[in-house]
Amino acid sequence: MINWPLMEDKWRRRWREEKYFESDVSIRKKFFVTVAYPYPNSPQHIGHGRTYTLADVHARFMRMRGYNVLFPMGFHYTGTPILGMARRIQENDKDLIEAFRTLYKVPVQNIKEFSEPVKIADYFHQEIKAGMIEMGFSIDWRREFTTIDPEYNKFIEWQFRKLRSKNLVKQGSHPVGWCPKDQNPVSQHDTLGDVEPNFTEYVLVKFRLENYILATATLRPETIFGVTNLWVNADTVYKKAKVNGEDWILSPECARKLEFLDKKVSLLGEIKGSELAGKKVRVPQTHKEVTIFPASFVKSENGTGIVMSVPAHAPFDYQALEDIKKGINKIDQNLLNAAKSINPISIIETNGYGEVPAKDVIQKFKIQDQNSPYLEEATKELYSKEFYAGRLKDNTGQFAGKMVAEAKEEVKNWILQNKDADVLFELNDAPIRCRCGTECVVKILNDQWFLDYSSKKWKEEAHTWINEMKILPDEIRNEFNYVIDWLRERACARQHGLGTKLPWDKDWIVESLSDSVIYMAYYILAKYVNKKQITAENLNDDFFEYVFLGKGDKNKISHECKVDKELLEIIREEFEYFYPVNARHSGRDLVPNHLTFFVFNHIAIFPKKYWPEEIVVNGSVLMEGAKMSKSMGNIIPLRDAIQTYGADPIRLAILISAELLQDADFNLDAVKGIRNKLEIILEGCSKYKQKETTTVQQEDRWLESRLEQIVCETTLAMEKMRVREALHKILYEIDSDIQWYLKRIEAKNRTDVEGILHDVLSKRVTMLSPFAPHVAEEMWEKLGNDGTASRSSWPVITETKIDPISLQSENLLKSTLEDIKNILKVTKITPTKIILYTADPWKMKAYEKILKNVTKGETKIGVLIKLLIEDKETAFVKNDPDFVKKIVNDILSEPIELRELKEKMFHIDEKKVLTELSSLVQKDLGVNLQVFSESDPQRSDPKNRARSARPFKPAIFIE
RNA sequence: GCGGGAGUUGCCAAGCCUGGUCAAAGGCGCAGGGCUUAGGACCCUGUCUCUUAGGGGUUCGUGGGUUCAAAUCCCACCUCCCGCACCA
């Protein structure tokens with residue numbers, strides 16, 4: 001049993017003291033690996049660990065391959081969630097305080113300070129950093145920064161002026177979910193119950209009632225041709241109001257909504273719904289006259305509180321009309337008569353529906369009246385069917401014959417153009433409440449700033465680079481291309497939160513996904529900022545232009561910024577040395593946003609030689625098969641886990657459970673299993689010391705060959721970041737080879753194997769080091785090697801060490817032993833004697849010929865037999881046609897590589913090789929083994945088995 | 001709806017691109033044995049099914065097809081998961 005935290009701490013101290021991970025400019029080739037920095041609003045949990053561990057493995061691997069690796073880390077303070085948390089602390093939110101105390105284990109005195117947002121960020125910043133150190137991440141901490149450092153602010157200001165000068169920043173209007181009390185946009189974590197404030201665009205169709213406009217909200221403007229009447233709620237007290245100079249009648253709720261949608265609204269008076277009933281209005285465009293009727297399904301809080309009625313296609317309208325005809329509403333006789341004369345006007349035809357589709361669905365859902373809960377569902381079904389499959393009929397003027405999906409937008413624009421319509425945004429899951437309790441609305445922000453990701457030229461460049469750069473795994477490349485296509489203008493500033501003020505409009509703060517696109521360049525500068533050689537006062541746009549783009553006169557800039565000319569030059573050189581980013585790691589959730597922006601903005605700001613070289617994307621982590629979430633209570637804080645299990649077992653458990661893009665399942669059984677495995681390997685390292693092996697034997701060559709193959713495969717896997725596969729080979733695949741080897745040498749009573757085993761274990765530890773860096777050091781020390789595992793070199797592949805003969809020979813031994821055991825298992829006999837018979841030379845010849853033909857693709861038995869009979873040497877097959885079939889099957893059931901091997905290196909002396917088996921058989925089964933060749937006259941062959949011998953498949957006799 | 005991904009033997013999960021190493025790696029679980037005072041840990045063996053000679057049968061979401069040969073290629077269908085925006 002080892003004390004993991006203690007052992008790990010020992011090695012981390014050594015790495016830190018000897019500055020293992022601090023990288024500066026050198027003559028060596030560099031490798032710059034970065035990860036998306038964390039947002040410090042909670043401690044790290046196991047899930048966060050995956051991306052960072054992957055990046056660390058990458059960094060360590062490249063370091064061992066001789067690269068000067070830079071792996072830095074920053075902290076992303078920018079954003080609103082921390083602000084929201086601080087506000088909740090100010091309001092003494094019991095739940096949050098409790099969560100901090102018990103879930104996150106924050107000391108009480110710290111929580112008190114959390115009413116100040118920065119204190120929250122600072123606290124979790126340190127917490128996360130401590131976790132990263134404890135995980136053994138090989139980070140150069142001299143380059144740490146936060147995104148609210150004044151120097152970083154200057155960097156962002158430069159970036160934004162730069163983008164604006166390239167015409168990529170624009171201003172415009174933009175609807176957002178909004179809290180009227182906080183005067184702030186709301187997102188999911190600002191609302192009660194964490195509801196995402198989605199909204200839908202409705203079309204307001206204006207009906208004329210004398211001098212007034214009755215606005216109705218609809219999702220289906222194309223149905224204007226089928227309007228037969230309007231609906232109002234008789235009990236609602238409607239408002240008369242001036243809306244942008246026009247006199248409207250609408251519900252009070254709607255009047256309020258319109259104010260936020262940038263309309264000038266002043267109230268003029270009121271009118272009850274019942275008073276509106278019976279009045280006639282004019283349909284825009286068609287100028288038809290229709291009557292207003294009362295209906296209870298109309299809710300004043302939805303839309304405008306007035307509904308245009310299209311009974312042929314809207315189940316609600318159809319049912320309400322039926323209800324009214326039945327005389328359910330208490331309305332006067334004239335109105336009732338008017339209603340009775342109304343017939344649905346069908347304007348859309350859709351396969352599977354009749355003249356009045358609304359009637360069809362109402363019957364299908366067995367709806368009785370307009371208060372039926374199934375009406376929503378019926379509406380949804382009909383709407384989606386008609387939208388995708390419906391076609392407008394002849395009674396729709398210039399739109400006749402068009403598909404609904406296409407006509408909808410055209411009709412909307414047509415009525416908008418004639419000022420007979422307007423647009424209303426409505427929250428989908430209303431009412432949505434802000435955490436402060438206020439009901440949210442949709443607001444149009446008029447002076448919103450955007451990054452213009454809709455720019456065609458910019459998109460094209462992004463596509464080109466995405467297709468050119470390395471993306472791991474490659475499957476995700478298409479997703480990037482798709483994202484680039486649908487990306488539009490993106491709001492890049494908001495009015496609250498931590499961050500950098502927009503340089504030309506100080507009312508705005510650069511939004512968090514927009515201030516984190518090219519910050520990898522800032523890591524170069526951060527080192528000098530932390531050394532206090534550069535402060536915010538030294539930084540202006542000229543400085544950045546010079547350091548990052550090499551523009552301007554360094555003497556002038558040095559003077560202007562009060563920065564020593566040499567220092568300026570050093571920083572510039574360091575940037576030129578480390579840039580571009582060679583690999584950027586992130587979770588796949590950042591593909592549709594950050595990672596794509598990262599590519600976009602590099603293209604906009606930097607010359608091509610500084611564009612990122614590679615993106616590595618990984619899936620998320622599940623906890624015992626379930627999604628991690630606060631509400632499930634299945635979040636394990638990373639630091640707790642490290643204390644309990646050690647960092648290395650956790651690192652491996654996260655990485656070994658799934659390939660890159662798959663969700664990895666983290667479970668405690670796996671962690672324990674891996675910890676045991678590591679402890680066993682560690683124990684094994686004390687057994688062997690470095691030593692020359694004097695007489696190299698067959699199994700030694702075999703083990704070396706196998707090791708070489710595994711190194712080769714592992715290296716290939718690492719280059720593609722297939723860490724699961726690599727780990728698998730290092731942890732388990734080597735084991736089975738070592739086991740076979742040990743079995744062999746034990747049977748032969750060999751003792752001179754220390755040197756070779758030491759070599760195998762050393763290489764294994766080297767390869768394990770990027771994954772489990774702490775315990776690898778411990779192993780390295782136990783093996784008695786010089787230096788440390790972290791500083792050892794990744795094994796170099798020497799293909800010439802792969803010896804085909806030994807590989808084949810051991811294969812023969814293994815498969816023969818397996819066959820013997822198989823026979824014993826089936827026959828259940830206790831053996832007293834085992835005899836093997838190897839195939840005659842002509843069979844080898846035949847085998848060789850068949851193999852050649854199979855490689856060429858000829859597997860037809862008849863053809864092969866003919867070929868063999870033609871040759872005198874192999875003409876014996878005549879006597880046993882079945883032989884050919886068996887050989888073909890033997891060959892086909894082997895891996896291609898092995899076939900190639902056999903073709904190249906054909907002859908092994910089977911008899912000689914199989915003699916080696918006698919020691920194994922003696923040891924395993926305690927019986928004697930004899931080997932004869934098939935036609936050896938001395939052979940003992942009581943059951944006449946010898947003749948069934950095949951190459952690589954000796955005949956066996958057991959009794 | 002659009003876009004992406006997945007469905008494998010008790011569970012997790014490789015394999016699929018490049019068809020024959022596939023009854024299908026590995027881990028976990030389970031069973032038997034060893035070790036141990038006991039438990040844990042560890043080691044060995046087994047883990048679709050039939051089989052007294054190294055073999056056969058039926059499997060990789062469902063149904064077709066291509067091929068000497070399909071988990072793997074093609075077509076259709078079913079089911080599940082994720083993203084769709086100003087949010088880190």
Side-chain angles (χ1 to χ4, degrees), chain A residues 1 36 38-39 41 76 78-82 174 176-177 185-190 196-198 384 387-388 405 445 448 450-451 453 474-476 478-479 481-483 485-494 511-514 516 588-594 619-620 622 624-625 627 653 656-659 661-665 667 669-670 672-674 676-677 679-680 683 722 724-725 727-729 731-733 736 739 815-816 818-829 854 857-861 888-889 891-899 943 945 948 953-958:
Chain A
M1 271 292 165
Y39 183 67
N41 72 334
H76 198 197
T78 314
T80 52
I82 287 177
H174 180 63
V176 292
V186 283
S187 57
Q188 191 170 353
H189 39 248
D190 299 318
E196 176 70 29
N198 285 319
S384 92
F387 183 80
Y388 294 105
L445 293 179
Q448 177 65 260
F450 295 92
L451 280 174
Y453 290 129
D474 202 59
E475 297 100 278
I476 203 111
N478 280 340
E479 215 165 306
N481 277 317
Y482 178 73
V483 171
D485 281 331
W486 71 242
L487 220 52
R488 314 192 294 254
E489 295 86 357
R490 182 192 163 83
C492 63
R494 33 170 53 229
E511 175 273 332
S512 60
L513 283 183
S514 306
S516 56
R588 69 179 309 175
D589 50 329
L590 298 189
V591 170
N593 42 67
H594 166 74
S620 60
L622 302 176
E624 306 277 352
K627 217 173 158 174
I656 206 168
S657 88
E659 276 307 343
L661 211 52
Q662 297 292 323
D663 287 346
D665 185 42
N667 62 78
D669 284 340
K672 285 181 205 158
I674 287 186
N676 286 332
K677 180 84 196 165
E679 289 180 4
I680 293 160
E683 217 173 293
R722 295 178 59 97
R724 180 198 145 95
E725 187 182 325
L727 213 36
H728 211 269
K729 290 182 187 297
L731 241 33
Y732 304 109
E733 213 170 301
S736 56
Q739 258 162 40
S815 63
T816 308
E818 219 161 274
D819 281 347
I820 292 172
K821 288 197 171 159
N822 230 330
I823 294 167
L824 291 177
K825 186 185 150 200
V826 175
T827 58
K828 297 189 182 85
I829 49 178
V854 170
E858 183 54 75
T859 51
K860 290 202 184 72
I861 309 296
V888 170
N889 281 336
I891 292 171
L892 285 179
S893 65
E894 274 171 357
I896 309 277
E897 298 90 77
L898 198 63
R899 291 185 217 168
K943 281 268 172 78
R945 301 246 183 237
S948 60
K953 191 104 179 148
I956 300 168
F957 169 74
I958 302 176

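Chain identifiers are assigned alphabetically (A, B, ...) following the order of the sequence lines, protein sequences preceding nucleic acid strands; residue numbering begins at 1 within each chain.
Each of B/C86, B/C44, B/A53 was ranked by its minimum atom distance to the side chain of A/F957; first place goes to B/A53. Distance from the side chain of A/R490 is smallest to B/C86 among B/C44, B/C86, B/A88. Looking at the side chain of A/Y39, the nearest of the listed nucleotides B/C42, B/A85, B/A88 is B/A88.
For the ring-ring contact (aromatic ring centres under 6.0 Å, His included) test, residues two or more places apart in sequence or in another chain that qualify with A/Y453 are A/W458, A/F597, A/F600. Looking at residues two or more places apart in sequence or on another chain, you find a side chain to side chain contact (heavy atoms under 4.5 Å, CB included) between A/I823 and A/T827, A/I956, A/I958. In this structure, A/K672 has no salt bridge (charged side-chain N to carboxylate O under 4.0 Å, His left out) partners at least two apart in sequence or on a different chain. The side chain to side chain donor-acceptor pair (under 3.5 Å) test applied to A/R945 returns no partner, not counting sequence neighbours. Checked against salt bridge (charged side-chain N to carboxylate O under 4.0 Å, His left out), A/R722 has the following partners two or more places apart in sequence or in another chain: A/E659, A/E725. Under the rule for a side chain to side chain donor-acceptor pair (under 3.5 Å), the partners of A/K729 that lie at least two apart in sequence or sit in another chain are A/E713, A/E733. For the salt bridge (charged side-chain N to carboxylate O under 4.0 Å, His left out) test, residues two or more places apart in sequence or in another chain that qualify with A/D819 are A/K953. In terms of the salt bridge (charged side-chain N to carboxylate O under 4.0 Å, His left out) criterion, residue partners of A/R588 (sequence neighbours excluded) are, by chain and number, A/E479.
Pairing for B/U47 is with B/G29, a Watson-Crick or G-U wobble pair whose two hydrogen-bonding atom distances lie under 3.5 Å. Across all strands shown, B/A6 forms a Watson-Crick or G-U wobble pair with B/U79, both key distances being under 3.5 Å. Nucleotide B/G1: paired with B/C84 (Watson-Crick or G-U wobble, both distances less than 3.5 Å). In a base pair of the Watson-Crick type (N1 to N3 plus N6-O4 or O6-N4) or a G-U wobble (N1-O2 and O6-N3), with each distance short of 3.5 Å, B/A13 is matched with no nucleotide. Partner assigned to B/A41 is none, using Watson-Crick or G-U wobble distances below 3.5 angstrom.
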Any N/O pairs under 3.5 Å between the protein and nucleotides 2-6 of chain B? List them or say none.
from : atom 1 : to     : atom 2 : distance (Å)
B/C2 : O2'    : A/Y482 : OH     : 3.0
B/G3 : O4'    : A/Y482 : OH     : 3.2
B/G4 : O2'    : A/E479 : OE1    : 2.7

Under 3.5 Å, which protein N or O atoms sit close to an N or O of nucleotides 54-57 of chain B? Give each pair with its distance.
from  : atom 1 : to     : atom 2 : distance (Å)
B/G54 : O2'    : A/D819 : OD1    : 2.9
B/G54 : N1     : A/P954 : O      : 3.2
B/G54 : N2     : A/D819 : OD2    : 2.9
B/G54 : N2     : A/P954 : O      : 2.9
B/G54 : N3     : A/D819 : OD2    : 3.4

Filtered N/O pairs between nucleotides 79-81 of chain B and protein, under 3.5 Å:
none

Report all interatomic pairs (protein N or O, nucleotide N or O of nucleotides 30-36 of chain B) with separations under 3.5 Å.
none

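If you find the closest nucleotide of RNA chain B to A/K943 and to A/D665, the one lying nearer the 5' end belongs to A/D665. Position along RNA chain B of the nearest nucleotide to A/K821 versus A/E659 favours A/E659 as the more 5'-ward residue.
Across all strands, A/S657 comes closer than 4.0 Å only to sugar-phosphate atoms, never to a base (heavy-atom distances). At the heavy-atom level, A/T78 lies under 4.0 Å from the strands shown only through sugar-phosphate atoms. Backbone-only engagement by A/Q739 is indicated by non-hydrogen atom pairs under 4.0 Å involving sugar-phosphate atoms exclusively. The residue A/I680 sits close only to the backbone: its heavy atoms come under 4.0 Å of sugar-phosphate atoms, none of a base. The residue A/E733 sits apart from the nucleic acid: no heavy atom pair falls under 4.0 Å. In this structure, A/I656 reaches neither bases nor backbone, as no heavy-atom distance under 4.0 Å exists between it and the strands shown.
One finds the CG atom of A/D474 at 11.0 Å from the CG atom of A/L661 (value rounded to the nearest 0.5 Å). Residue A/S815 holds its OG atom at 11.5 Å from CG of A/N822, rounded to the nearest 0.5 Å. Note that CG of A/L513 and CG of A/N593 are 5.5 Å apart. Values are rounded to the nearest 0.5 Å. The line from CD of A/E489 to CD of A/Q448 is 11.5 Å long, rounded to the nearest 0.5 Å.
Here A/N593 does not reach the OP1 or OP2 of B/C86: none of its side-chain N or O atoms lies under 4.0 Å away. Note on A/S514: every side-chain N or O is 4.0 Å or more away from OP1 and OP2 of B/C86.
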